[in-house]
There are 2 protein chains.
Amino acid sequence: MHGHQTISSGELAAQGGTTSAQVRKDLSFFGSFGKRGLGYSVSALSSSLREILGLGRQWNVVIVGAGKIGAALAQYEGFRDRGFKVVGVYDEDPARVGGTLDGVVVRDQRELESDIMKLKPHIALIAVPAEAAQTLVDRVVKAGVRAILNFAPTPLTVPEKVTLRSVNMALELEILSYALVNAGE
Amino acid sequence: MHGHQTISSGELAAQGGTTSAQVRKDLSFFGSFGKRGLGYSVSALSSSLREILGLGRQWNVVIVGAGKIGAALAQYEGFRDRGFKVVGVYDEDPARVGGTLDGVVVRDQRELESDIMKLKPHIALIAVPAEAAQTLVDRVVKAGVRAILNFAPTPLTVPEKVTLRSVNMALELEILSYALVNAGE
DNA sequence: AAGTGTGAATGCGTTCACAGCA
DNA sequence: TGCTGTGAACGCATTCACACTT
């Protein structure tokens with residue numbers, strides 16, 4: 001794998017934990033990058049995908065909520081490595097406002113709208129309790145954010161032009177517990 | 001909604017952000033709980049579902065990795081509320097071993113196997129760097145854990161009898177960035 | 001010979017639509 | 001009449017299989 005100029009769909013599949021047919025189908029959705037009998041040029045494929053997925057650019061992110069989850073997100077290195085930069089963290093609790101999380105100062109949630117207008121972040125991460133989530137989503141959407149990643153364990157609604165994805169850790173655990181209960185069948 | 005003895009699939013759908021047909025189909029998978037023309041008895045449905053999903057019981061959980069994500073998980077109230085109890089947190093870094101996270105002492109990763117044999121946790125949460133994840137999964141599986149929730153951004157393999165689910169936050173952000181790049185089409 | 005790209009077959013979850021029961 | 005429970009239709013993603021290219 002090291003030093004290969006070229007890589008086959010089968011090798012990519014093994015790395016990604018999927019099948020060769022899947023890899024070819026997925027790539028063909030974006031275009032035709034491979035050579036028959038040979039495989040894909042590693043460098044050409046890599047740069048094409050970076051381009052297509054928008055990973056070349058830097059994406060500015062604001063985190064709403066500086067509790068346990070918000071703090072973990074602010075300090076997660078995986079984001080920075082992939083071009084996601086945390087430009088703001090917000091909380092409503094005065095005890096948290098003014099503190100710093102990995103170099104970013106926690107700001108008052110009342111500044112949210114004006115900061116979003118100014119910083120124009122591309123993505124907002126919602127890390128507040130379930131009850132507060134919809135209200136805050138509405139606020140960041142109204143201020144201009146078009147992409148939201150929700151960590152609150154509640155379904156949210158957004159206008160059609162806004163992209164919303166949700167991560168629900170408690171639900172994942174419940175699915176596991178269901179699998180455990182029904183293991184012997 | 002408050003004080004209702006009974007609730008229709010349409011009302012449940014609105015709360016859950018889905019459709020009435022979806023709700024009826026999902027519930028019918030487990031059995032037949034509703035009354036035609038009336039809806040579902042809130043209390044009966046609630047207790048049946050708790051039973052079926054295994055939410056009545058307590059599930060013991062170990063967290064492998066006491067870094068940023070492991071710490072956030074250890075302190076996440078959402079788990080305790082739903083019957084998931086953190087019975088152990090493990091790390092290999094001596095600087096972290098012996099510290100406490102929300103009342104649970106961080107133990108040496110070398111104790112992992114013997115503790116699992118003793119505590120018999122139902123679920124393991126993997127919160128270590130991608131490179132170490134597969135090794136640790138293999139270790140907890142070998143020690144007897146049957147359900148794993150993975151937070152490391154890498155595909156993992158487990159034996160068939162083990163249930164594995166993965167949460168990949170960086171991937172979620174990349175999907176959002178792709179949506180943003182292709183917004184105007 | 002090796003391995004892509006893609007129509008066709010398959011599987012699965014979601015939506016539709018309605019018969020039947022309270 | 002109201003709303004469930006469920007077969008049938010549908011849509012979409014995954015898998016198969018093979019003609020075609022280098």
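What's counted below: heavy atoms across the whole structure, side chains too, no hydrogens, waters or symmetry copies. Per chain, numbering begins at 1; letters A, B, ... match sequence-line order.
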Novice: When you measure from the side chain of B:Asp108 to the backbone of B:Glu111, do you find a donor-acceptor pair of N or O atoms at a distance under 3.5 Å?
Specialist: no
Novice: Any luck finding a side-chain donor-acceptor pair between A:Glu172 and A:Asn168 under 3.5 Å?
Specialist: no
Novice: Do the side chain of A:Ser166 and the main chain of A:Pro155 share a donor and acceptor less than 3.5 angstrom apart?
Specialist: no
Novice: Can you pull out the residues from residues 32-47 of chain A that lie within a 4.0 Å heavy-atom distance of DNA chain C?
Specialist: A:Ser32, A:Phe33, A:Gly34, A:Lys35, A:Arg36, A:Gly37, A:Leu38, A:Gly39, A:Tyr40
Novice: Tell me which pairs pass ring-ring contact (aromatic ring centres under 6.0 Å, His included) where either residue lies in residues 132-162 of chain A, with sequence neighbours left out.
Specialist: none
Novice: Taking A:Leu55's backbone N and O only, do any of them form a donor-acceptor pair with A:Arg50's side chain (distance below 3.5 Å, no angle check)?
Specialist: yes
Novice: Test: side-chain hydrogen bond (donor to acceptor under 3.5 Å, both in side chains). Region: residues 117-130 of chain B. Which pairs qualify, not counting sequence neighbours?
Specialist: none
Novice: Could you identify which residues cluster with A:Leu112, counting Ile, Leu, Val, Met, Phe, Trp and Tyr as linked when any side-chain heavy atoms lie under 4.5 Å apart, either directly or through a chain of such contacts?
Specialist: A:Val62, A:Val64, A:Val87, A:Tyr90, A:Ile116, A:Leu119, A:Ile126, A:Val128, A:Leu136, A:Val137, A:Val140, A:Val141, A:Val145, A:Ile148, A:Leu156, A:Val158, A:Val162, A:Leu164
Novice: Could you tell me whether A:Ser20 contacts a base, only the sugar-phosphate backbone, or nothing, with contacts defined as non-hydrogen atoms closer than 4.0 Å?
Specialist: nothing
Novice: Can you give me the first and the last nucleotide of DNA chain C (5' to 3') that has an atom within less than 4.0 angstrom of a non-hydrogen atom in chain B?
Specialist: C:dT14 to C:dA22
Novice: Is it true that A:Arg110 and A:Asp115 have a side-chain N and a carboxylate O under 4.0 angstrom from each other?
Specialist: no
Novice: Map B:Lys25 and B:Ser8 onto DNA chain D by nearest heavy atom, then report which one ends up closer to the 5' terminus.
Specialist: B:Ser8
Novice: Along DNA chain D, 5' to 3', what are the outermost nucleotides having an atom less than 4.0 Å from a heavy atom of chain B?
Specialist: D:dG2 to D:dA8
Novice: Would you check if the side chain of B:Thr163 reaches a backbone N or O of A:Ala179 as a donor-acceptor pair within less than 3.5 Å?
Specialist: no
Novice: With a cut-off of 6.0 Å (strictly less than), are more than 12 heavy atoms of other residues, nucleotides or ligands near CD of B:Glu174?
Specialist: yes
